[in-house]
Asker: 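Handing you this structure, nothing more for now.
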Amino acid sequence: MALTGLDIYKLLPKTNCKDCGFATCLAFAMALAQKKVSLDKCPHVISAAKIALESASQPPVKLVTIGTGDSRLEMGNETVMYRHEQKFYHPAGIGILVEDKLTDSEIEEKLKKINALNFERVGQRISVNLVCIKNSSGDTARFANAADKIAGLTGLNLALSSHSAKAIEEVIHNSRAPLRVPYCERRPLLISEGNELDGFIKLAKENKLPLAVTCADPDEAAAVTDKVKSGGVEEIVINIENKSIAGTIQDFALIRRTALKKNFRPLGYPLMAFTGAPTPHAEMAEAISYVLKYASLVIIKNIEKEFVLPLLVTRQDIYSDPQKPVQVEPKVYEIGKVNKHSPVLITTNFSITYFTVAGEVEASKVPSYIVCCDSEGMSVLTAWAAEKFTAEKIDETVKKFGVDKMVAHKRLVIPGYVSVMSGKLEEISGWKIAVGPREASGIPNYLRNLK
Ligand code: SF4
């Protein structure tokens with residue numbers, strides 16, 4: 001837990017010398033607690049206090065980065081147990097397991113499918129983040145060949161999972177085919193599955209790579225991360241060995257709570273899990289449970305779109321800011337090849353509302369305008385109840401965007417749920433108001449029959 005201003009004050013010299021630019025040590029401590037100033041502004045802090053203060057100012061869960069560039073996966077740095085307290089910052093990575101037992105053609109086919117796991121939802125791209133190559137064969141040459149092949153087939157981040165540090169070393173140092181980007185430069189996550197921890201520590205340290213350690217429970221994890229850190233590796237991920245789903249979630253919650261509330265550094269690292277459920281439905285339920293509580297990386301086996309998409313959608317929702325609804329820009333959107341006779345539909349700028357309406361208009365095959373009013377990202381009924389989607393607001397929006405110059409008619413279609421405002425809107429806007437369906441699913445039929 002972060003130190004309070006008073007905790008910090010106790011560690012300062014308390015001379016009120018003003019060298020830091022603050023009138024008193026207490027004022028400086030308060031500013032430091034709010035992260036408005038850095039500790040080095042006080043030149044008089046004794047080294048023991050400095051160590052304590054610097055360590056307390058570190059985030060409770062360390063930031064670990066896999067990969068490089070825009071598609072890199074950042075994990076950790078979370079500050080709360082529950083999303084409503086603030087928000088979760090770094091969306092959990094979703095990785096796909098590829099075993100080195102597969103044949104070359106099976107790997108090619110699988111990678112083609114994995115690369116296609118990229119979707120658009122409510123105006124945002126959502127996709128899987130990583131391919132985890134597992135040395136299930138136990139054969140070093142086979143593992144290295146599979147790893148080389150996969151690296152050439154995907155731009156996704158990579159993880160290398162093995163019992164053997166030697167097998168990992170073979171991949172990252174002795175690639176057999178010339179790779180576009182050498183393995184180390186892609187910053188793969190090394191996953192130590194077993195007992196060769198010293199070898200893994202050496203490899204991660206020498207190559208400045210993140211290292212995931214496999215542990216049975218939080219006690220073992222604390223001891224192992226201490227050892228890895230003392231070995232010179234800073235970026236550590238805790239992989240809790242697959243037991244029951246409930247057991248893993250219990251361990252994850254305990255680790256997260258201990259790191260955040262007790263500021264217990266040995267457990268202050270991102271968490272990861274491999275799914276173990278035997279059927280596709282059970283596996284997705286398991287993966288979703290880990291995303292909710294508190295995995296920063298989940299490695300799954302299933303690559304079918306109908307299973308992966310719900311997982312990505314869950315992650316997208318959980319990692320949105322609960323205090324800021326996802327919004328689209330308030331403006332007039334054209335769906336299809338609109339003309340002067342196209343219908344004009346009115347709705348709010350809540351992202352899900354807009355994309356649902358837009359999807360149904362597209363399905364109707366009736367080119368239409370959608371006017372999105374600025375409702376501060378609220379859905380139709382919520383915005384209406386909060387007076388953010390009123391007759392006055394709609395009139396103002398229609399005028400602002402010059403809708404009368406876009407069409408040769410004077411008819412607006414409003415959502416069925418706010419039919420109550422049709423009289424007033426007609427009066428103040430001079431447009432004829434038609435009441436559309438309550439649910440977006442009724443839009444195609446409505447538009448096709450609109451005279
Ligand atoms: Fe206190 Fe240090 Fe600021 Fe002086 S420089 S007032 S000792 S915090």
Side-chain angles (χ1 to χ4, degrees), residues 1-66 68 72-91 187 201 204-205 208 210-211 218 221-238 252-271 294 296 319 321-324:
M1 206 174 346
L3 292 183
T4 65
L6 278 179
D7 295 330
I8 295 170
Y9 174 68
K10 287 176 196 161
L11 296 165
L12 293 175
K14 305 185 198 70
T15 57
N16 299 332
C17 71
K18 301 187 177 57
D19 286 351
C20 56
F22 286 82
T24 62
C25 292
L26 183 59
F28 178 75
M30 293 300 174
L32 192 58
Q34 291 166 23
K35 302 202 182 328
K36 288 180 179 167
V37 67
S38 61
L39 181 61
D40 58 15
K41 292 279 180 272
C42 170
H44 311 296
V45 186
I46 59 166
S47 57
K50 202 170 183 172
I51 290 166
L53 284 169
E54 276 174 350
S55 119
S57 66
Q58 297 293 315
V61 180
K62 183 155 180 72
L63 183 74
V64 173
T65 305
I66 303 171
T68 57
R72 70 188 181 279
L73 175 62
E74 293 188 323
M75 309 184 294
N77 253 8
E78 301 300 341
T79 54
V80 291
M81 290 296 290
Y82 304 106
R83 178 175 172 266
H84 64 259
E85 292 176 285
Q86 196 175 40
K87 63 175 265 187
F88 295 157
Y89 286 95
H90 290 108
R187 291 209 93 229
I201 293 173
K205 186 187 172 191
K208 298 190 175 54
L211 174 61
V224 171
T225 57
D226 247 355
K227 180 174 176 180
V228 176
K229 192 169 187 309
S230 323
V233 179
E234 291 290 331
E235 291 187 83
I236 305 169
V237 179
I238 298 172
F252 279 3
L254 192 146
I255 290 173
R256 173 86 153 237
R257 184 172 292 282
T258 312
L260 293 190
K261 304 293 179 193
K262 307 280 182 200
N263 208 20
F264 184 63
R265 296 285 167 195
L267 293 180
Y269 296 100
L271 305 169
Y294 288 102
S296 287
Y319 281 87
D321 186 340
Q323 288 164 31
K324 285 190 204 144

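Just so it is clear, the model here is predicted, and its values are computed rather than measured. Order of appearance sets the numbers: ligands from 1, and atoms from 1 within every ligand. Both backbone and side-chain heavy atoms feed into the values below; hydrogens, waters and symmetry mates do not.
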Asker: Using ring-ring contact (aromatic ring centres under 6.0 Å, His included) as the criterion, list what pairs up with Tyr294, not counting sequence neighbours.
Answerer: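 ring-ring contact (aromatic ring centres under 6.0 Å, His included) list for Tyr294, sorted by chain: empty.
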Asker: Return the set of residues passing salt bridge (charged side-chain N to carboxylate O under 4.0 Å, His left out) with Arg256 (not counting sequence neighbours), or none when no residue passes.
Answerer: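 Expected list: none.
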Asker: Quick check with a 6.0 Å cut-off and a 45 degree axis cone: is Lys14 positioned over the face of Tyr9's six-membered ring?
Answerer: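 Lys14 over Tyr9 ring: yes.
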Asker: Tell me how many protein N, O or S atoms are closer than 2.8 Å to atom 1 (Fe) of ligand 1.
Answerer: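 Near atom 1 (Fe) of ligand 1, the number of protein N, O or S atoms below 2.8 Å is 1.
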Asker: Residues in side chain to side chain donor-acceptor pair (under 3.5 Å) with Thr65, at least two apart?
Answerer: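 Side chain to side chain donor-acceptor pair (under 3.5 Å) list for Thr65, sorted by chain: empty.
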Asker: Using modelled atom types only, decide if a donor and an acceptor are shared between the side chain of Arg265 and the backbone of Asp226 within a distance under 3.5 Å.
Answerer: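 No; zero donor-acceptor contacts below 3.5 Å.
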Asker: OG1 of Thr15 to NE2 of His44: how many Å apart, nearest 0.5 Å?
Answerer: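 Taking OG1 in Thr15 and NE2 in His44, the distance rounds to 6.0 Å.
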